[in-house]
> 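Here it is, the structure, as structure tokens.
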There are 2 protein chains.
Amino acid sequence: MGKERVTVIDIAHAAGVSKSTVSLVLQASPLVNEVTRAKVNAVIRDLGYVYNRGAANLRQSNSKSKIIGIVVNDLTNSFFAELAVGVDMVVQSAGYVQFLANTAESVDRQREVIASMREHGISGLILSPARGTDAADLKPLVASGIPVVNVVRQVAGAKVSSLVSDNHAGMRDAVRHLAGLGHHRIAFLGGFPDTAVFNERLQGYRDALSDMDLALHDELVVSSAPSRAGGVAAIERALLLRERPTAAVCFNDAVAFGVCDGLRAHRLDPGEDFAVIGFDDVIEAQTAVPALTTISVDPQGMGRRAAQLLLKQINAGRADAEAIVSSVRLVVRQSCGAAIDKRERLSLL
Amino acid sequence: MGKERVTVIDIAHAAGVSKSTVSLVLQASPLVNEVTRAKVNAVIRDLGYVYNRGAANLRQSNSKSKIIGIVVNDLTNSFFAELAVGVDMVVQSAGYVQFLANTAESVDRQREVIASMREHGISGLILSPARGTDAADLKPLVASGIPVVNVVRQVAGAKVSSLVSDNHAGMRDAVRHLAGLGHHRIAFLGGFPDTAVFNERLQGYRDALSDMDLALHDELVVSSAPSRAGGVAAIERALLLRERPTAAVCFNDAVAFGVCDGLRAHRLDPGEDFAVIGFDDVIEAQTAVPALTTISVDPQGMGRRAAQLLLKQINAGRADAEAIVSSVRLVVRQSCGAAIDKRERLSLL
DNA sequence: TGACAAAATTGGAACGTTCCAATTATTTTG
DNA sequence: CAAAATAATTGGAACGTTCCAATTTTGTCA
């Protein structure tokens, strides 16, 4: 059963009107009489009609396909999962549906999935570019007039909008906070050094050190994969130094969690014996023990904003590149030694 | 620039062949001469042609749309994120692209997104049904002949394939292991009691207790949201009991991590003072401290298998429901007191 | 070379919708 | 009540592809 597809023509026949009228009803056009509308809608329900957007898109402009694409480099990272959820929330309620693809940092996969999405007629794309993406990769897309919003990372020279967090200020605030707590040897742990994000954060770290009149020791900058495992590896190496750091700012929360794991493996208590600050404020950051002090970027909110920006551009028809830097704030929890702070405050009473 | 869309007809003109030939080339048909093929392909590249799958789908059967849908209830949960990544891997390499939607356990959202995906002509659907989904919700989908694979949860009475893990055996093994370590008061923490998964796991817990001649105390079963926060709440309540448990099996890893957090908040050391076992073997389970003993279900592998099953059904044209129960194994790490175990073993030497 | 088979190419209808211009039905107005 | 204005409906072309049947080209063989 349910063999033959029900089309607008079947509806028209059953309702005793023309296919044009049915089409008008489908588009909720004000031109059609209330009673016909009701009749047609009833038939639509009865026959179990399913609108064929493919056919509609053929006739309409591509920008009305009601599909957007989102491609991220690591969905396993909660940051991106939450970003995707944020995007999903707003596109879903705008009646859109999203293609989601994971590139695992492969530019080849990225090229393939973007091509594939284009064939399917996406109206817009939210892209967290894989490492090594360059402007040329996005060229054909933007030339065809499809709005693109880059998130998290920018790609130099690409004429597309972007939404990134204020990496410099965030890291600067983190380091200042640690310096304010009396730390002198503060490490910068995790992240791949060939990314813009890494360099922005690193610059924030450097600037803060010089602001606070602290010396910059290159060996305290330890790069690694931006993952939990990478964090373990980074703290391992940092603890091997003759002069150990007493605190660390981490490339992201995943790294920070790994650093906490690594510290425990060395019988050090994160938050007590060593201060740790993350970046992102992933959902687990608040419930973890110790709760993670981190730079809150609100990934879900970022997803929502990116989606809103994209939808705005889709509706406007024209996409003039706008670069938004999302501000960021330090959330102080236990992992940076707030407990010590509190103890001191209590002793003052 | 790039205003007008390049079509198969433009290619035909430029290459001096007919549109039919171009179409044949696009489908890599063996009917076309090598030299024409090369010529056409060259023109395709030069003009920056983009295949219009929408148009093609209009002419072909819906099962060739090269789109599958995947709807999950909580992408923020790493389990589902990994599942999605697994699905993504196999569909991507099969040349498919996936619609991904998050329902946040809302049947209404679920209904909407499934309808929307259907309008876009998905060839198949992987669904982790929201709580409260019933067979009627899936009726129209399956009636239209679109293969559906339910993952994680089944929906009673729906004639669709399913891929679930062996919840009963997994929980049974977990409890037996704890009992084997000498625990008598073992709690079952977390999860919503109105789900099939919960009940299967609970049954495994009960059966294991009776196998091991342990008494079943109802107050040791504490339900909660299946999240980290839920875990904190559950252990809080369990620790309030006059006779405290000494170990717990948890509904999933998220709950287990929450339980560890909650224990620490009470100055109890998970793995030393209290044994904890999770369910899922999420990626963090191995790197967390203490590393989490858990029932490994390999979410990514599950995603891959679900995708393979779905693609098989799409290609077969006919989807006869098959129910696969994925076997599961206990992975012993630190959180259940393996360390104690080891200590004992060492003392025997 | 002529006849036939095989290989390669092709025109046109079809898919399910939208949109335009045209038509018909209804209401308002002088 | 006729004419004009407005409201509602409609047929048909178009969108970019595939597929079928038909045609043309090329190759083979006696």
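Every heavy atom of this structure was used, including side-chain atoms; hydrogens, water molecules and symmetry mates were not. Proteins come first, then strands; the chains are lettered A, B, ... in the order of their sequence lines, and each starts at number 1.
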> Would you say B:E105's side chain and B:D74's backbone share a donor-acceptor pair under 3.5 angstrom?
no
> Is it true that the side chains of A:D137 and A:Q110 contain a donor and an acceptor less than 3.5 Å apart?
no
> OP1, OP2 of C:dT9 versus side-chain N and O of B:T36: anything below 4.0 Å?
yes
> Salt bridge or not between B:E322 and B:K159? Use side-chain N to carboxylate O under 4.0 Å.
no
> Separation of A:N33 atom CG from D:dT10 atom C1', in whole Å?
15 Å
> Heavy atoms under 4.0 Å is the rule here; annotate nucleotides 15-25 of chain C 5' to 3' with B where the base is hit, S where only the sugar-phosphate is, and - elsewhere.
BBBBB------
> Of A:N73, A:T103, A:D194, which is the lone residue that meets side-chain hydrogen bond (donor to acceptor under 3.5 Å, both in side chains) with A:R131?
A:D194
> Indicate yes or no for a side-chain donor-acceptor contact from B:T36 to the backbone of B:V32 under 3.5 Å, with no hydrogens or angles considered.
no
